[in-house]
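Just below is one structure, and these are the notes that go with it.
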Amino acid sequence: MRILISGASVAGPVLAYWLTRYGFSVTVVERAPALRRTGGHAVDLFRPAMNISEKMGVLPRVEERATGANRMTVHREGARRPVRVDLSKIFSATSDRHVEIMRDDLSEIFYDAARDDVEYIFGDSITAISPDGEVRFENCAPRRFDLVVGADGLHSNVRRLVFGEESRFSAFVGAYLGVLTLPNASGLDGELLMHVGVGRTAGMYGARHLGDARALFLFRSERELGHHHRDVPRQKELLRGAFGGMHPEVDRWLDELDRTPAFYFDSITQLRMDTWSRGRVTLVGDAGYCPGPAVGGSTSLAVVGAYVLAGELARAGGDHERAFPAYERAMAEYVRGSRAAALSAAKTLIPTSRLGVQGLAQGARLISALPAGPSRALLRLTTRSARLHNAMTVDDYPPLPTAAGGRAGADGRELYP
Ligand SMILES: Cc1cc2nc3c(=O)[nH]c(=O)nc-3n(C[C@H](O)[C@H](O)[C@H](O)COP(=O)(O)OP(=O)(O)OC[C@H]3O[C@@H](n4cnc5c(N)ncnc54)[C@H](O)[C@@H]3O)c2cc1C
């Protein structure tokens, strides 16, 4: 049984890994010419995604590449003294298993885990999917697949082809996000510097093994600011407008906008679809249920979604009419919880009032000052995301095929021909 996955970032390679282990034959098409290795931004793996990484045997590599972020200094706009926070306490209060890692490191680790068993096509994109499974590409000749999975992110191409324009499913959460790569002039190693004001938050972090650093900008806007996603000069102008004059340090980060080799800007939107499967096609990760980049733990959601989808397909013997609804049912609560957690995280991270600015800094300080037990209890009482990730449990799916058992997969024979 042949399955095509669009997208080779996080959800795509995890899904490819598990599908090949269950004996499906997998092709991944990725628009980028090669696996991205510029670092991207830091992402979080919470307990359920850590457990899945462990089952995949990649946890030691994940932990080896962790950013090691453990300290945060918060400058409040208008206040003289910064607040220093033990970030590791906040992470461990959020989830009893957590790692922060650069997205491109994570995607390389997941890709390596099954690269020899998967056909990867880089530098191409799907242009049409017919109901009988014929798929057309920009470059490759048309091919037939039994199932197609969109793992191609928030602005998914597969979703647009099968379900329609993104605007039908996306909800603006009232904020924007910008990230730029810049020299790690202050030699940050495991430390996050933050400047928080009413309606705007800027931060900078560096990772041990990265030669450079990232500056992250989050700001509120009541309405969507007309910008085209390819109009980079306009996006940089919007960032300068929102953060200029906040603090001399933030101004220095903004100065790098003219020199940065990597820049990202987008509105923070949530995808809200009632169902993310149609016929032979389904969606996984951000493509199907992004709760909002940088605020909703969406990387863990993507890893869990990929694992569950593969598991349900294996459990249903490849019958997508049973597997897709089961996958959606299994994910529904985690998806709903992530959306709610993202809205509340956006409110906390980009305060709407001076009280909120004080609350963010003081709350973080209090949690980091308490011993582990009480800090965990306090965070769980006060934030949704702290309850969400540890509450998520994932099923154990059919045991992996073994040569002795006559079921194939990793050894090349198809389990579901
Ligand atoms: C700035 C920023 C900060 C973030 N911070 C955090 C964080 O702190 N914590 C966290 O957990 N998450 C964070 N996220 C979210 C996280 O990056 C995503 O949730 C995660 O990467 C989702 O993985 P995915 O595989 O579903 O999609 P993506 O990582 O978006 O990958 C989609 C893949 O599909 C490919 N693609 C796109 N179009 C096509 C096409 N037409 N054909 C073929 N391939 C295509 C892309 O090139 C890409 O490789 C952040 C995101 C951003 C943008």
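Quick note: residue numbers are just sequence positions, from 1.
Of the charged side-chain nitrogens involved, at least one lies within less than 4.0 Å of a carboxylate oxygen, so that D112 and R115 count as a salt-bridged pair. Between R336 and E333 there is no salt bridge, since no side-chain nitrogen of the basic residue lies less than 4.0 Å from a carboxylate oxygen of the acidic one. Salt-bridge check for E166 with R160: failed, with every basic side-chain N at 4.0 Å or more from each acidic carboxylate O. Salt-bridge formation is detected for the pair D117/R21: a Lys NZ or Arg NE/NH1/NH2 atom is positioned less than 4.0 Å from an Asp or Glu carboxylate oxygen. R144 has a carboxylate O that lies under 4.0 Å from a charged side-chain N of D132, or vice versa, which qualifies the two as a salt bridge. No salt bridge links R61 with E64; every basic N to acidic carboxylate O contact stays at or beyond 4.0 Å. Classification of E134 and R136 as a salt-bridged pair holds, one side-chain N sitting under 4.0 Å from a carboxylate O.
For the pair R280 (side chain) and D146 (backbone), a donor-acceptor distance under 3.5 Å is present. In terms of modelled atom types and a separation under 3.5 Å, the side chain of E30 and the main chain of A32 share a donor-acceptor contact. Between the E100 side chain and the A69 main chain, no donor and acceptor come within less than 3.5 Å of each other. With hydrogens and angles disregarded, no donor-acceptor distance shorter than 3.5 Å links the side chain of R214 to the backbone of G203. Under a 3.5 Å cut-off, the side chain of R220 and the backbone N or O of A346 do form a donor-acceptor pair. Side-chain atoms of D124 come within 3.5 Å of backbone N or O of C140 as a donor-acceptor pair. Between the side chain of T260 and the backbone N or O of T181 there is at least one donor-acceptor pair closer than 3.5 Å. R159 places no side-chain N or O within donor-acceptor distance of the main-chain N or O of L283, the cut-off being under 3.5 Å. The backbone N or O of V394 sits nowhere less than 3.5 Å from a side-chain atom of Y307 that would complete a donor-acceptor pair. Using a distance-only test at 3.5 Å, with no hydrogens or angles considered, no donor-acceptor pair links the side chain of R31 to the main chain of D152.
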Exercise. Show the numbers, then the answer: is there a side-chain contact (heavy atoms from CB on, under 4.5 Å) between V58 and Y17?
Key: CA-CA 11 Å; V58 299; Y17 172 92; over 6 Å; no
Exercise. Apply salt bridge (charged side-chain N to carboxylate O under 4.0 Å, His left out) to the pair R240 and E237, showing each step before the final yes or no.
Key: CA-CA 5 Å; R240 285 194 182 96; E237 188 188 303; over 6 Å; no
Exercise. May I have the step-by-step check of side-chain contact (heavy atoms from CB on, under 4.5 Å) for F217 and V250, ending in yes or no?
Key: CA-CA 10 Å; F217 300 87; V250 178; 4.0 Å; yes
Exercise. I would like to know whether W276 and Y327 meet side-chain contact (heavy atoms from CB on, under 4.5 Å); could you show each step before the answer?
Key: CA-CA 10 Å; W276 51 85; Y327 155 56; 3.1 Å; yes
Quiz item: side-chain contact (heavy atoms from CB on, under 4.5 Å) between V198 and E77: does it pass, once the steps are laid out?
Solution: CA-CA 8 Å; V198 177; E77 212 172 355; 5.9 Å; no
Quiz item: Does the pair E312 and R315 meet the rule for a salt bridge (charged side-chain N to carboxylate O under 4.0 Å, His left out), with working shown?
Solution: CA-CA 5 Å; E312 292 296 344; R315 187 180 267 170; 3.5 Å; yes
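A 4.5 Å side-chain heavy-atom check between P233 and D231 finds at least one atom pair inside the cut-off. Two residues are said to be in side-chain contact when any heavy atoms from C-beta on lie closer than 4.5 Å; W18 and K55 meet this criterion. Between V284 and I5 there is no side-chain heavy-atom pair separated by less than 4.5 Å. Between W253 and L180 there is no side-chain heavy-atom pair separated by less than 4.5 Å. Put simply, the side chain of S9 reaches to within 4.5 Å of the side chain of R103, judged on heavy atoms. Looking at Y264 and H41, their side chains never come closer than 4.5 Å, going by heavy atoms from C-beta outward. Residues M331 and L301 form a side-chain contact, since some pair of their non-hydrogen atoms from C-beta on lies under 4.5 Å apart. Using a 4.5 Å cut-off on side-chain heavy atoms (C-beta onward), L216 and L177 make contact.
Here the CG-NZ distance, from L238 to K236, works out to 12.5 Å after rounding to the nearest 0.5 Å. Summarising the geometry, atom OG1 belonging to T67 is positioned 8.0 Å from atom CE belonging to M102; distances are rounded to the nearest 0.5 Å. Taking CG of L147 as the start and CD1 of I3 as the end, the distance is 5.0 Å to the nearest 0.5 Å. Residue M273 holds its CE atom at 12.5 Å from SG of C290, rounded to the nearest 0.5 Å. Separation of atoms CD1 (I121) and CD1 (I126) is listed at 9.5 Å; rounding is to 0.5 Å. The distance from atom CG of L192 to atom CZ of R71, rounded to the nearest 0.5 Å, is 10.5 Å.
Ring planes of H75 and H195: parallel class, angle under 30° (limits at 30 and 60°). In this pair, H320 and F324 present their aromatic rings tilted. The plane angle is within the 30 to 60° band. Taking the six-membered ring where the residue is Trp, Y176 and F219 present parallel rings, their angle staying beneath 30° rather than reaching 60°.
Among all heavy-atom pairs drawn from P82 and T73, the shortest one is CB-CG2, 3.8 Å. Annotation for E256 and P183: closest pair OE1-CD, 3.6 Å, computed over non-hydrogen atoms. Listed here is the closest heavy atom pair of P351 and G356: CB-C, 3.5 Å. The two residues D44 and T299 make their nearest non-hydrogen contact at O-CB, 3.6 Å. The minimum heavy-atom distance between A42 and Y205, with the atom names listed, is N-OH, 2.9 Å. Here the closest heavy-atom approach between residue Y120 and residue A8 is recorded as CE2-CB, 3.8 Å.
A centroid separation of 6.0 Å or more is found between the aromatic rings of Y397 and Y22.
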